[in-house]
Amino acid sequence: MLDEIINQIQNEFEKDILEADSLKKLEEIRIKYLARNGSVTLLFDKLKEASKEEKPVLGKKLNELRNSITEKFNSKKELLEKSETSAKEFIDLTLPGKKVKLGSKHILTQTLEEIKQIFKSMGFSVFEGPELESDYYNFEALNFPEDHPARDMQDTFFINQKFLLRTHTSPVQIRVMESMLPPVRAIMPGRVYRNEAINARSYCTFQQVEGLYVDTDVTFAELKGTLVSFAKQFYGSSLKYRFRPSFFPFTEPSAEMDITCFICNGKGCRICKNSGWLEILGCGMVDPNVFKYVNYDSEKYVGYAFGMGIERIALLKYGINDIRLFFENDLRFLKQF
Amino acid sequence: MKISLNWLKDYVDLSDLSTDEIVDKLTMSGLEVEDVSDENELYKNFIVAEVKSVTKHPNADKLSVCEVFDGKENLQVICGAPNVAAGQKVVFAPIGTIIPNGNFQIRKAKIRGVESNGMICAEDELLLSDDHSGIMVLNENLPTGKPITEALNLNDVIFEIAVTPNRPDALSHIGVARDLSAIFNRDLHIPEIKLKESKKKASDIASVEIIDSTNCPRYSAKVVLNVEVKDSPEWLKNKLTRIGLRPINNVVDVTNFILHEIGQPLHAFDLDLLEGKKIIVQSTTEEKEFVTLDSKVRKLPKGTLMICDAKREVAVAGVMGGENSEINSSTKNILIESAYFNPSSIRKTSKALQLSTDSSYRFERGTDPGITKYAAERAAHLIAEISGGEVAEGIIDVYPKIIERKEITLRYQRVTKILGYEISKEKIHQILSRLGIALKDINETSLLASVPTFRPDLEREIDLIEEIARVNGYDNIPVVPKISITLEQKVDQQKFEDEVRNIISSLGFSEMINNPLESEWEAKLTGNPITLANPQSVEMSCLRTSLLAGGLNSVKRNLNFGVRDMMLFEVGNVFNKKSDSSIKTFEDISEKQNLILILSGKEEEKFWNTQEKYFDFYCLKGLVNAFIKKISLDNQLADLYYSSENEIYSYYLTKNFKQQVVGTGGKVKRDVLNKFDINQDVFVFEFDLTALKQISPESKKYIEPPKYPKVHRDFAFIFDKNVQYLDVKNFILKKASKLLKSVELFDIFESESLGRDKKSMAFTLEYFDESRTLTEDEVEKDFNYLITEILKEFKAKLRG
Ligand SMILES: [Zn+2]
């Protein structure tokens with residue numbers, strides 16, 4: 001009985017394999033005979049039903065059948081594969097590839113991340129504070145006396161007498177110092193607001209990064225060292241710089257750091273107002289009055305602080321001529337970075 | 001502030017220094033020179049020329065054809081000024097000259113058909129004044145052909161200096177000269193006064209009374225009699241015009257000169273217009289109106305410090321004089337006010353009147369209470385000298401409580417500790433002395449500094465250290481390339497938001513940054529907005545309550561730009577009032593960080609091998625779930641579906657952590673989109689990142705992939721249309737044996753042949769066991785059981 005079936009399968013296979021002229025047809029043959037539900041495989045299942053005497057003989061025959069079919073199948077497959085690669089169909093490889101949607105982080109975010117990375121590598125922590133601040137944190141505790149012209153340096157959006165939109169990230173200095181004892185080494189990035197007319201040069205909001213380091217042996221020389229190291233990592237190691245005295249109520253002595261204008265290489269141009277220098281940040285030694293507000297002993301502790309605007313840095317670095325482009329969110333702009 | 005280099009040279013010897021050197025040192029010691037205007041450059045080609053003849057232009061009524069002699073030859077020049085006449089000496093700009101006003105170059109030109117070889121200049125073209133009524137007519141004795149830099153002494157250099165608010169002492173020529181004397185270590189010369197006084201005593205002629213001595217600690221007055229009010233002499237006019245001031249008359253010009261020389265604002269009253277020849281300084285006790293000398297009616301708030309005579313107000317103290325007592329052409333006798341006012345009082349007045357003058361600018365920063373007498377005397381002396389008047393004897397000086405010099409101890413070691421390098425004691429002494437600081441009690445470790453009253457900013461040791469540092473030059477401070485490492489715990493409060501941005505952008509979204517200030521209607525769409533007390537405009541009068549309006553505005557802008565397909569996101573703070581009562585503490589404010597995702601337009605464009613496909617709710621849901629999976633909160637958050645609309649969405653989904661909604665989003669309603677003028681579908685999801693940050697993600701553990709084969713079975717049923725996918729899926733999972741590991745929907749369709757209220761859903765079931773190979777039988781059994789149960793539960797029909 002099984003003998004007959006074996007012969008029948010063998011014959012059928014011979015016919016099929018002869019007619020197979022493509023890999024696709026060959027695959028059909030594999031499924032018909034050799035796959036899990038193929039006729040040869042199923043025969044092995046039937047072997048279980050055979051008597052004890054028949055089993056060895058039939059088993060041998062079945063194995064021979066499978067081996068012969070497998071061998072013929074394989075040699076035919078090899079043959080077909082060879083011919084298919086030599087006489088392949090025409091394929092146009094110049095057709096466009098799949099359009100993959102790429103997202104993007106805002107150029108200001110990328111700029112900020114780069115700055116954060118540099119300071120984090122120097123051991124600075126990252127802290128945040130609220131954008132809606134009290135007058136106390138934004139001005140008073142930073143040594144801006146009431147009714148002092150220093151308050152005119154920053155046009156302020158007020159919520160009421162007591163609350164306002166922070167005009168700088170410096171209030172986070174106070175919050176951080178209130179929450180811990182020295183050593184404090186932190187940068188404090190965030191959004192700030194200024195009540196300034198919106199035009200190509202200025203906007204009513206921008207981002208700043210504040211920095212603060214307080215310990216027993218901090219010096220102005222070390223402040224210079226840290227900021228020069230930052231500037232060289234961010235703008236390139238060949239840069240020239242200078243520190244110029246300035247005034248901020250919460251630092252004393254105060255300075256502004258300029259770098260050689262990289263648009264004109266210091267020769268003087270419209271961007272640097274013909275000075276050859278670009279101001280990149282403000283800094284100084286923490287004023288002892290500020291320490292008073294956070295109950296730090298100003299005889300024991302010395303600190304430095306610095307702050308820089310992200311928009312300004314990105315404008316300069318990427319040659320963007322209008323600050324409003326940052327807030328329009330035109331995808332043709334966003335996707336460039 | 002404009003500072004003239006020639007004027008500076010009256011007080012300090014700068015003759016051996018180049019302009020560049022002076023500019024650099026000023027900037028590098030804290031007086032930032034923002035602009036330099038060198039007259040030698042500005043006027044380098046202009047010469048004195050003589051007009052030989054003037055004839056009418058043949059083709060233009062208002063133009064003249066002039067013959068001009070430049071010292072070498074006669075040139076034909078067209079001139080449009082009405083006052084041009086033969087015989088005049090004029091300022092002539094030859095071809096090639098650059099005209100300062102407008103920065104244009106003179107070229108050879110034909111004007112209405114007649115050739116012109118240069119230009120005859122008016123004052124405004126040379127930036128000498130804003131007069132354009134006619135050409136400048138020069139003194140006829142000036143030699144023809146001479147450069148005007150020599151002939152008119154236009155050889156000054158004008159600096160524009162930005163003085164920081166802490167340096168009121170530098171708001172004058174002597175103030176700047178004092179810094180230069182310290183920087184270059186040379187002497188400062190303050191003019192001496194040789195007063196010639198008459199026998200008449202000032203105190204017999206006029207009197208001064210201070211009622212509000214808190215706001216007016218000192219009032220000094222000099223009286224000058226029998227002056228002749230007329231134009232100032234050339235030297236004085238020259239000094240004032242150089243720094244951009246318009247000469248008025250000899251009396252007013254002297255007061256302006258003193259202000260810019262030494263920084264003390266003065267005011268001259270017509271003494272005969274002062275009732276009772278009396279000055280009373282007091283604050284107003286009620287609101288008043290007052291006419292200032294610019295003829296404007298000013299509303300004075302209660303508490304404004306005023307200068308009064310016996311009957312009425314005559315000046316707004318420290319800000320501006322009154323029209324009623326102004327110096328005029330018939331003034332004979334004058335009283336010169338030289339006072340010290342409380343800075344914050346003047347600042348309040350100046351703010352209230354929205355009026356800032358050269359005087360108020362200096363008073364509110366703090367003038368020198370010690371200089372009032374000197375300034376009044378110097379002014380009286382100059383006025384008498386140039387107006388022919390006589391100075392009454394003595395000074396009226398009311399100074400009830402003398403403001404003493406401050407004394408500060410400076411420790412040398414502290415200088416080193418703050419700056420990080422040592423400056424020699426000799427250098428420290430030199431710098432401080434040059435700045436006018438008297439040194440007392442000098443010993444090994446410290447000195448006692450007596451600070452002059454013109455430096456109100458120097459109050460503490462650290463202030464002196466800054467003076468030393470800046471004058472010695474920040475360049476001399478070493479750059480220490482080290483940072484002392486303390487291995488304290490590091491914190492990064494922005495780690496989460498940074499990660500969120502990375503994930504969202506990698507899903508294909510582009511990051512926006514929108515203005516957090518928006519209009520009230522926008523802010524009210526999504527919350528209880530906080531309003532600004534002083535907004536720039538109604539469009540920016542509130543803080544955003546969510547990121548929705550900003551996002552939709554960006555969608556709109558992109559549509560305007562012709563960009564229709566977008567995936568946008570933003571991370572930003574949003575603000576809400578917690579109740580309707582006013583904000584008194586931080587407790588009344590909610591400031592949170594949100595994340596918004598926006599989809600609009602096409603997900604797939606039509607392409608050679610794909611069909612176009614528009615974004616829909618399921619795209620949004622899939623992306624939201626991908627994000628949640630990436631931050632490992634997929635097993636922490638539960639979904640709730642709302643098929644009916646709320647204020648913003650037609651239908652929506654919320655993500656919930658326990659009872660708290662941490663995210664909401666869906667299809668934005670048409671009427672909301674209409675408000676933003678958006679005419680295509682928009683899908684939005686907004687997360688509360690502050691809340692997400694609080695949820696601790698599940699810790700990830702490795703799960704070994706199954707070793708034994710999986711068995712798949714498919715089935716499809718016809719359901720009533722209102723049967724929900726999730727109900728069927730959950731039912732299958734509930735009824736199935738433990739071997740069923742997942743259920744996936746792989747097809748859904750509706751058709752006529754199925755029936756109008758029917759739909760077909762097809763599922764793939766995946767069975768496996770971690771420890772063995774499954775048998776066909778056990779899978780078949782469970783599969784058949786599920787079919788029976790589904791048919792029963794949902795009254796469904798098996799399709800195959
Ligand atoms: Zn430049």
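Nothing here was measured: the structure is a model prediction, and the numbers come from that model. Below, read A as the first sequence line, B as the second, and so on, with proteins coming before strands; counting in each chain starts at 1.
- The choice from A/N160, A/V100, A/T205 that makes the most heavy-atom pairs within less than 4.5 Å of chain B is A/N160.
- Residues B/M540 and A/I198 are in side-chain contact: their nearest non-hydrogen atoms beyond the backbone lie under 4.5 Å apart.
- At least one donor-acceptor pair closer than 3.5 Å links the side chain of A/K224 to the backbone N or O of B/Y474.
- Under the 3.5 Å distance criterion, the side-chain polar atoms of B/Q493 are matched with a main-chain donor or acceptor of A/E128.
- Residues A/R242 and B/E32 are not paired through a salt bridge, judged by the lack of any N-O separation under 4.0 Å between the basic side chain and the carboxylate.
- In summary, the side chains of B/S505 and A/S104 do not present any donor paired with an acceptor at a separation below 3.5 Å, with no hydrogens or angles considered.
- Interface summary for chain A: among B/F561, B/Y361, B/F607, the most heavy-atom pairs under 4.5 angstrom belong to B/F561.
- In this structure the side chain of B/I418 reaches within 4.5 angstrom of the side chain of A/P253, judged on heavy atoms.
- Contact of B/L568 with chain A is made through the side chain alone, with heavy-atom distances under 4.5 Å.
- For chain B, the option among A/E113, A/E133, A/K273 with the highest count of heavy-atom pairs below 4.5 Å is A/E133.
- Side-chain atoms of A/N289 and B/R460 include a donor-acceptor pair closer than 3.5 Å.
- Heavy atoms of B/L517 lying under 4.5 Å from chain A belong exclusively to its side chain.
- For chain A, the nearby part of B/F509 is the backbone; its heavy atoms alone come within less than 4.5 Å.
- Residue A/P189 comes nearest to B/Q494 through the heavy atom pair CG-OE1, 3.3 Å, listed as atom of the first residue, atom of the second, then distance.
- Side-chain contact between B/N609 and A/K98: absent, with no pair of heavy atoms (C-beta onward) separated by less than 4.5 Å.
- Under the 6.0 Å distance and 45° angle rule, A/R175 counts as a cation-pi partner of B/F586.
- In this structure, B/V479 and A/G225 approach most closely via the heavy-atom pair CG1-CA, 3.5 Å.
- Using a 4.5 Å cut-off between heavy atoms, B/D463 contacts chain A through both its backbone and its side chain.
- Rounding to the nearest 0.5 angstrom, the gap separating the CZ atom in A/F248 from the CG atom in B/N166 is 10.5 Å.
- Heavy-atom distances place no part of B/L507 under 4.5 Å from chain A, backbone and side chain included.
- Note that CZ of B/F575 is 6.0 Å distant from CG of A/L132, once rounded to the nearest 0.5 Å.
- Between the side chain of A/E131 and the backbone N or O of B/N573 there is no donor-acceptor pair closer than 3.5 Å.
- Using a 4.5 Å cut-off between heavy atoms, B/V491 contacts chain A through both its backbone and its side chain.
- Heavy atoms of B/R347 lying under 4.5 Å from chain A belong exclusively to its side chain.
- Expressed to the nearest 0.5 Å, how far CD of A/E196 lies from CD of B/Q536 amounts to 8.5 Å.
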* **Intermediate values then yes/no, side chain to side chain donor-acceptor pair (under 3.5 Å), A/N329 and B/N514** => CA-CA 7 Å; A/N329 304 311; B/N514 285 295; 2.8 Å; yes
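- Heavy atoms of B/I477 lying under 4.5 Å from chain A belong to its backbone as well as its side chain.
- Of all non-hydrogen atoms in B/G508 and A/K335, the two that sit nearest each other are O-NZ, 4.5 Å.
- For the set B/K584, B/M566, B/M567, the entry with the most heavy-atom pairs within less than 4.5 Å of chain A is B/K584.
- Here the shortest heavy-atom pairing between B/S554 and A/E328 reads OG-O, 3.9 Å.
- Rounding to the nearest 0.5 angstrom, the gap separating the OG1 atom in A/T109 from the CD1 atom in B/I513 is 4.5 Å.
- Pairing each heavy atom of B/E511 with each of A/H106, the nearest pair is OE1-N, 2.8 Å.
- Chain A forms more heavy-atom pairs under 4.5 Å with one residue of B/A469, B/A533, B/G420 than with any other, namely B/A533.
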* To do: Go through the steps to decide whether A/D217 and B/K417 satisfy the test salt bridge (Lys or Arg N to Asp or Glu O under 4.0 Å), and finish with yes or no.
  => CA-CA 8 Å; A/D217 285 308; B/K417 181 167 171 68; 3.5 Å; yes
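- Of the listed residues (B/V33, B/V555, B/L31, B/T585), the greatest number of heavy-atom pairs within a distance under 4.5 Å of chain A belongs to B/T585.
- Summarising the geometry, atom OG belonging to B/S510 is positioned 10.0 Å from atom NZ belonging to A/K101; distances are rounded to the nearest 0.5 Å.
- The most heavy-atom pairs under 4.5 Å with chain A, out of B/T164, B/V23, B/N558, come from B/N558.
- In this structure, B/R470 contributes its side chain and A/A255 its backbone to no donor-acceptor pair below 3.5 Å.
- Between A/K120 and B/D492 a salt bridge is recorded (basic side-chain N to carboxylate O distance below 4.0 Å).
- Although no hydrogens or angles enter the test, the distance criterion places a donor-acceptor pair under 3.5 Å between the side chain of B/W608 and the main chain of A/P96.
- Contact of B/P478 with chain A is made through backbone and side chain together, with heavy-atom distances under 4.5 Å.
- Side chain of B/N515 to backbone of A/F327: no donor-acceptor contact under 3.5 angstrom is found.
- Using a 4.0 Å cut-off between a side-chain N of Lys or Arg and a carboxylate O of Asp or Glu, A/R244 and B/D24 do not qualify as a salt bridge.
- Looking at B/I530, the atoms closer than 4.5 Å to chain A (heavy atoms on both sides) all sit in the side chain, from C-beta outward.
- Interface remark: A/Y241 contributes side-chain atoms only to the contact with chain B (heavy atom separation under 4.5 Å).
- Between chain B and the options A/S229, A/S275, A/S246, A/S134, heavy-atom pairs under 4.5 Å are most frequent for A/S134.
- Using a 4.5 Å cut-off between heavy atoms, B/E459 does not touch chain A at all.
- Between the side chains of A/K105 and B/N502, at least one donor N or O lies within less than 3.5 Å of an accepting N or O.
- For B/E570, no part lies near chain A; criterion is any non-hydrogen pair under 4.5 Å.
- A/S125 and B/K490 get closest at one heavy-atom pair: OG-CA, 3.4 Å.
- Contacts of B/T531 with chain A are made by backbone atoms alone, with heavy-atom separations under 4.5 Å and no side-chain atom involved.
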* Could you please spell out the steps behind the side-chain contact (heavy atoms from CB on, under 4.5 Å) verdict for A/L165 and B/L543? => CA-CA 10 Å; A/L165 298 182; B/L543 279 160; 3.6 Å; yes
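- Chain B forms the most heavy-atom pairs under 4.5 Å with one residue out of A/E252, A/E256, A/E146, and that residue is A/E252.
- Contact annotation for B/R167: neither backbone nor side-chain heavy atoms come within less than 4.5 Å of a heavy atom of chain A.
- Of the listed residues B/K495, B/E604, B/E467, B/R365, the one with more heavy-atom pairs under 4.5 angstrom with chain A than any other is B/R365.
- Taken to the nearest 0.5 Å, the CD1 atom of A/I159 stands 12.5 Å off from the CG atom of B/D588.
- The candidate with the highest count of non-hydrogen atom pairs below 4.5 Å against chain B, out of A/V228, A/D258, A/N195, is A/N195.
- Residues B/P535 and A/F157 are not in side-chain contact: their nearest non-hydrogen atoms beyond the backbone lie 4.5 Å or more apart.
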